[in-house]
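Below: the structure, in structure tokens.
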Amino acid sequence: MKIDHIGIAVKSIENSLGFYEGVLGVREAEREVVEDQGVTVALLPIGDSRIELLEPLSDDTVVAKFISRRGEGLHHICYEVDDVARKVEDLKARGLRLLDGYPRRGAEGKLVAFVHPSSAGGVLVELVEKERGIEQ
Ligand code: ZN
């Protein structure tokens with residue numbers, strides 16, 4: 001298992017890159033619109049993990065509401081798992097609260113599911129399915 005990425009809600013990816021690229025020296029590798037989640041996503045690799053900057057597409061999206069309530073900042077932590085669908089069933093059976101009862105397509109077309117903060121120690125947790133066939 002590894003931390004695939006850490007999601008950070010920002011008002012503007014362009015403005016935030018001043019810190020990540022200009023100060024920390026990490027480089028944006030990919031940018032993508034994820035319509036399903038109402039965000040533009042920028043991925044900045046750090047070692048085996050990435051920082052995921054989330055910029056809302058409009059004011060009525062989940063991330064925009066998060067920013068208006070709590071300001072910019074840490075939004076979620078994403079763990080890589082072998083099989084998201086199986087994990088979702090397992091967590092439901094244990095009574096954990098999930099945002100969706102089934103995996104959906106997230107950034108990079110990967111299967112993802114979110115565990116509600118009330119079931120995960122106050123942190124929104126994303127699970128992403130490990131890419132198959134590129135491991136040695
Ligand atoms: Zn994420």
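Both ligands and their constituent atoms are indexed starting at 1 by order of listing.
- Salt bridge Arg50/Asp4: present, at least one basic N to carboxylate O contact under 4.0 Å.
- Note on Glu126: its N/O/S atom closest to the Zn ion (ligand 1) is OE1.
- Taking 4.5 Å as the limit, some side-chain heavy atom of Arg105 sits within range of a side-chain heavy atom of Leu111.
- Looking at His5, its N, O or S atom nearest to the Zn ion (ligand 1) turns out to be NE2.
- Within the coordination shell of the Zn ion (ligand 1), defined by N, O or S atoms under 2.8 Å, Glu52 is present.
- Checking His75 against the Zn ion (ligand 1), every N/O/S atom stays at or beyond the 2.8 Å cut-off.
- In summary, Cys78 places no N/O/S atom under 2.8 Å from the Zn ion (ligand 1), failing the contact criterion.
- Of the charged side-chain nitrogens involved, at least one lies within less than 4.0 Å of a carboxylate oxygen, so that Glu89 and Lys92 count as a salt-bridged pair.
- Note that the CD atom of Gln37 and the CZ atom of Phe114 stand 4.5 Å from one another [nearest 0.5 Å].
- For the residue pair His76/Glu52, the side-chain donor-acceptor check at 3.5 Å is satisfied.
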